[in-house]
Undergrad: 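Here you go, one structure.
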Amino acid sequence: MREEEKRPRIEARAPKGTMDILPPESAKRRKLVEKATSLFNAYGYREIETPAFEHTEVFARGIGEGTDIVQKEMFTFLDKGGRSLTLRPEATAGVARAFVQHRLDTRGLPAKFYYQGPMFRHERPQAGRLRQFSQLGVELMGSPLPVADGEVIALCAAFFASLGVKAELVINSVGDQECRPAYVETLRAYLEENREGLCEDCRRRMVDNPLRVLDCKVDKCSSVIERAPEIRDHLCSGCVEHQAMLERLLAAAGVSFRRDGRLVRGLDYYTRTVFEFQDPELGAKNALAAGGRYDHLVEELGGKPTPSVGFSIGLERVMLAGPDVGDDRRGGIYVIAIGEAARMKAFTLAQGLRGAGVCADLDHLGRSPKAQMREADREGFRLVAILGEEELAGGFVTLRDLEGGWQERLEESRFLEAVEERLRYASGGA
RNA sequence: GUGGGGGUAGCUCAGCCGGCAGAGCACCGGGUUGUGGCCCCGGAGGCCGCGGGUUCGAAUCCCGUCCCUCACCCCA
């Protein structure tokens, strides 16, 4: 005991960039996830779970050695055999790896998966950016056609619509292996000529990833960027047609969008379509969801060419956008015992209710009737069962409705049926 | 990795021209020998982030340090 007092206090705090999800919030998140996954199911996607960490090469190869994610944002560690492992910074590379490992192409294409779970990036946290965060997403693998892009984008739009979240869709094409290399060279040459007008970061970027200069928000660069050659004017005919068809599909589906030639995503695997759903009111971290086509990722990881498209939604960011996941209705029943004799009865009554599938709780602190009542109210119960000397003697239970305020006496034999009846009107239950 | 703001009760914050550590909300109890919310009364709850310095005296001034937060880069 004395020695324990000398030990320094432990830091009872979640690590930087991580957070605990506490009750009212946790229920809201759960509802949001359920809403999303049932929507994914409705579109024919089935769940895939991949590990929270992979061999580091999966991400280095898949996402791209030159990306910020791989260069500075990965949680990487060695296992006891000296093998390098990395906590997944995103899900697509792992899904693609699983696709290759299990020869999922042999089950018939396209393969449609959704996933949900924590991702990890070693970054400085800020609003809407955490080191551990949750993503929900889908992958439609094996189709090169614009209808695949159109489907996943429409699905994502439907998700935001169902939550009443305003999310503005921005799309672009980053070209493919046929036209992008030439464009990148054109762009690099242009930037080289105008390096005087670029910030330091961009001078560095133009060497290993010129596309990202287009994303720069530094004022100094804006005039150079505005006059820069646009990918749109350098796409090959295949990419032009793909983009045009996608836009027609979106228009036909009633999905509105904005084209932005400067939208460039930070992952190297994207080809042709890239898109983001942005919340203009959310501030700096305004991308609620993002995705695109990745026609060569599966080959890159050792599989057959498998053109694919997908997106992922940032759960925490959607939560910040104030999604409508329905009201919390009162439900369930709290059993109040008055007097010691009644406590035994209250316990068995609660057990009986629970056994019948009714949400029921009771006092665990031996508190006064008033305190039990207050507890029932605070915890959001719809009904209260009251058991006292009178009830015990008369063989009945007093049932009170906390929402309506009325109360009634019920014969014990008819009690369960009556409770179920009342709660049915209250919809759902806690 | 770079810059700004901030660490005082569970939460949101006041106190900061040094002089007894406060408010609102939340929590617990009472007002109602067995009845919630509203109201009234009471109670509990603090290494004033941590370490050092100045001073008779530091939440307050100085130095260091850690942490949180917002923003940049980048990203969901």
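First the proteins, then the strands, lettered A, B, ... as listed; each starts at 1.
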Undergrad: Determine which nucleotide pairs with U60(B), using a 3.5 Å limit on both distances of a Watson-Crick or G-U wobble pair.
TA: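 Because no pair has both required distances under 3.5 Å, U60(B) counts as unpaired.
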Undergrad: Which of parallel (below 30°), tilted (30 to 60°) and perpendicular (above 60°) describes F75(A) and F120(A)?
TA: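 Plane angle over 60°, so perpendicular.
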Undergrad: In whole angstrom, give me the gap between the C1' atoms of C28(B) and C70(B).
TA: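 After rounding to an integer number of Å, I get 37 Å for this pair.
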Undergrad: Between the side chains of E411(A) and R414(A), is the shortest nitrogen-to-carboxylate-oxygen separation below 4.0 Å, so that they form an ion pair?
TA: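 The answer is no: the pair does not qualify as a salt bridge.
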Undergrad: Output yes when at least one side-chain N/O atom of R378(A) is less than 4.0 Å from OP1 or OP2 of G37(B), else no.
TA: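 So the side-chain polar atoms of R378(A) never come under 4.0 Å of the phosphate oxygens OP1 or OP2 of G37(B).
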Undergrad: Using atom P of each nucleotide, how far apart are U65(B) and A9(B) to the nearest Å?
TA: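 Each nucleotide's P atom is 25 Å from the other's.
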Undergrad: Under a 3.5 Å cut-off for both contacts, is G42(B) paired Watson-Crick or G-U wobble with anything, and if yes, with which nucleotide?
TA: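 In the structure as shown, G42(B) has C28(B) as its Watson-Crick or wobble partner.
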Undergrad: Report the distance from atom OH of Y270(A) to atom P of C74(B), rounded to the nearest whole Å.
TA: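 Y270(A) atom OH is separated from C74(B) atom P by 17 Å.
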Undergrad: Report the distance from atom CD1 of I338(A) to atom C1' of U32(B), rounded to the nearest whole Å.
TA: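 Rounding to the nearest Å, CD1 of I338(A) and C1' of U32(B) are 13 Å apart.
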Undergrad: Taking the same atom, P, in A26(B) and in C39(B), what whole-Å distance lies between them?
TA: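 That atom pair is separated by 9 Å.
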Undergrad: Going by modelled atom types, is there a donor-acceptor pair between the base of G36(B) and the side chain of Q407(A) at under 3.5 Å?
TA: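 Such a pair does not exist between side chain and base.
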Undergrad: Can you tell me the Watson-Crick or wobble partner of G18(B), both distances under 3.5 angstrom?
TA: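 No nucleotide pairs with G18(B).
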Undergrad: Between R374(A) (CZ) and U32(B) (C1'), how many Å, whole number?
TA: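 It is 12 Å, rounded to the nearest whole Å.
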Undergrad: Can you measure R330(A) atom CZ to G36(B) atom P for me and round it to whole angstrom units?
TA: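 For the pair R330(A) CZ and G36(B) P, the rounded distance is 13 Å.
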Undergrad: One thing to verify: whether D401(A) and R382(A) come together as a salt bridge, which I'm taking to mean a side-chain N less than 4.0 angstrom from a carboxylate O.
TA: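 So R382(A) pairs with D401(A) through a salt bridge.
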Undergrad: Provide the Watson-Crick or G-U wobble partner of A23(B), both distances under 3.5 Å; none if there is no partner.
TA: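 Pairing partner: U12(B).
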Undergrad: Map D377(A) and K72(A) onto RNA chain B by nearest heavy atom, then report which one ends up closer to the 5' terminus.
TA: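 Closest to the 5' end, via its nearest nucleotide, is D377(A).
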Undergrad: Could you check whether E391(A) gets within reach of a base, just the sugar-phosphate, or nothing at all, counting any heavy atom under 4.0 Å?
TA: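 Since a base atom lies under 4.0 Å of E391(A), the category is base.
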Undergrad: Could you tell me the separation between the CD atom of E389(A) and the P atom of U33(B), rounded to a whole number of Å?
TA: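 Value for this atom pair: 14 Å.
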Undergrad: Rounded to whole angstrom, note down the C1' distance from U32(B) over to C38(B).
TA: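 Nearest-Å result for U32(B) against C38(B) at atom C1': 15 Å.
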Undergrad: Need to verify one output field. Residue with the more 5' nearest nucleotide on RNA chain B, L402(A) or G314(A)?
TA: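 Final value for this comparison: L402(A).
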Undergrad: More than 12 heavy atoms of other residues, nucleotides or ligands under 6.0 Å from CZ of R30(A): yes or no?
TA: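 Check fails, neighbour count at 12 or below.
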Undergrad: Using a heavy-atom cut-off of 4.0 Å across all strands, would you classify E375(A) as base, sugar-phosphate, or nothing?
TA: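 Result for E375(A) = nothing.
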Undergrad: Looking at every heavy atom in both V384(A) and A376(A), which two are closest together, and how far apart are they?
TA: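 The answer is CG2-CB, 3.7 Å.
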Undergrad: Would you mind reading off the distance between E123(A) atom CD and C72(B) atom P, rounded to a whole angstrom?
TA: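 The distance from CD of E123(A) to P of C72(B) comes to 12 Å, rounded to the nearest Å.
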Undergrad: Heavy atoms only, 4.0 Å cut-off, all strands: where does I336(A) land among base, sugar-phosphate and nothing?
TA: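 If one applies the 4.0 Å heavy-atom cut-off, I336(A) turns out to touch nothing in the nucleic acid.
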Undergrad: Would you mind reading off the distance between N286(A) atom CG and C73(B) atom P, rounded to a whole angstrom?
TA: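 Value for this atom pair: 12 Å.
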Undergrad: Should C72(B) form a Watson-Crick or G-U wobble pair with both distances under 3.5 Å, which nucleotide is its partner?
TA: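 For C72(B), the partner nucleotide comes out as G1(B), under the 3.5 Å rule.
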Undergrad: Ring centres under 6.0 Å, that's the criterion: do Y45(A) and F40(A) meet it?
TA: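 No, too far apart.
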Undergrad: State plainly whether the residues K35(A) and D324(A) are in salt-bridge range, i.e. N to O under 4.0 Å.
TA: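 The answer is no: the pair does not qualify as a salt bridge.
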Undergrad: What's the gap between A23(B) and G15(B) when it is taken at their P atoms, as a whole Å value?
TA: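 Their P atoms lie roughly 15 Å apart.
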Undergrad: Using atom C1' in both nucleotides, what's the gap between G1(B) and G10(B) to the nearest angstrom?
TA: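 Approximately 35 Å lies between the C1' atom of G1(B) and that of G10(B).
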Undergrad: How far, in whole Å, is U60(B) from C48(B) if one measures between their C1' atoms?
TA: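 Taking atom C1' in both C48(B) and U60(B), they lie 10 Å apart.
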Undergrad: Choosing from C75(B), C74(B), U32(B), which nucleotide comes nearest the side chain of K370(A)?
TA: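 Of the candidates, U32(B) comes closest.
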Undergrad: If you take all heavy atoms of I171(A) and Q243(A), which pair is closest and at what distance?
TA: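 It is CD1-NE2, 4.5 Å.
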Undergrad: Could you tell me the separation between the CZ atom of R367(A) and the P atom of C27(B), rounded to a whole number of Å?
TA: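 Rounded to whole Å, this separation is 10 Å.
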Undergrad: Over all strands shown, is A376(A) touching base, sugar-phosphate only, or nothing at heavy-atom distances under 4.0 angstrom?
TA: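 Nothing: the residue A376(A), judged by heavy atoms under 4.0 Å, touches no strand.
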Undergrad: For G405(A), which contact category applies under a 4.0 Å heavy-atom criterion: base, sugar-phosphate, or nothing?
TA: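 Base contact.
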Undergrad: Do R293(A) and D176(A) meet the salt-bridge criterion of a basic N to acidic O distance under 4.0 Å?
TA: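 Salt bridge flag = no for R293(A) with D176(A).
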Undergrad: Hey, is the side chain of R343(A) poking within less than 4.0 Å of OP1 or OP2 on G34(B), counting only N and O atoms?
TA: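 For R343(A), the contact criterion (side-chain N or O under 4.0 Å from OP1 or OP2 of G34(B)) is not met.
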Undergrad: Look at the side-chain N and O atoms of R400(A) and state whether any lies under 4.0 Å from the OP1 or OP2 oxygen of G34(B).
TA: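 Looking at the OP1 and OP2 atoms of G34(B), neither is under 4.0 Å from any side-chain N or O of R400(A).
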Undergrad: Look at the side chain of S134(A) and the backbone N and O of L315(A), then say whether any donor-acceptor pair between them is shorter than 3.5 Å.
TA: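 Side chain of S134(A) to backbone of L315(A): no pair is present.
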Undergrad: In whole Å, what separates the P atom of A21(B) from that of C40(B)?
TA: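 These two P atoms come out 29 Å apart once rounded.
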Undergrad: If pairing requires Watson-Crick or G-U wobble contacts with both distances under 3.5 Å, which nucleotide is the partner of C67(B)?
TA: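 Per the H-bond distance test, G6(B).
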Undergrad: Do any N or O atoms of the protein come closer than 3.5 Å to N or O atoms of nucleotides 64-69 of chain B, and which pairs are they?
TA:
| from | atom 1 | to | atom 2 | distance (Å) |
| --- | --- | --- | --- | --- |
| C67(B) | O2' | R13(A) | NH1 | 2.9 |
| C68(B) | OP2 | K16(A) | NZ | 2.9 |

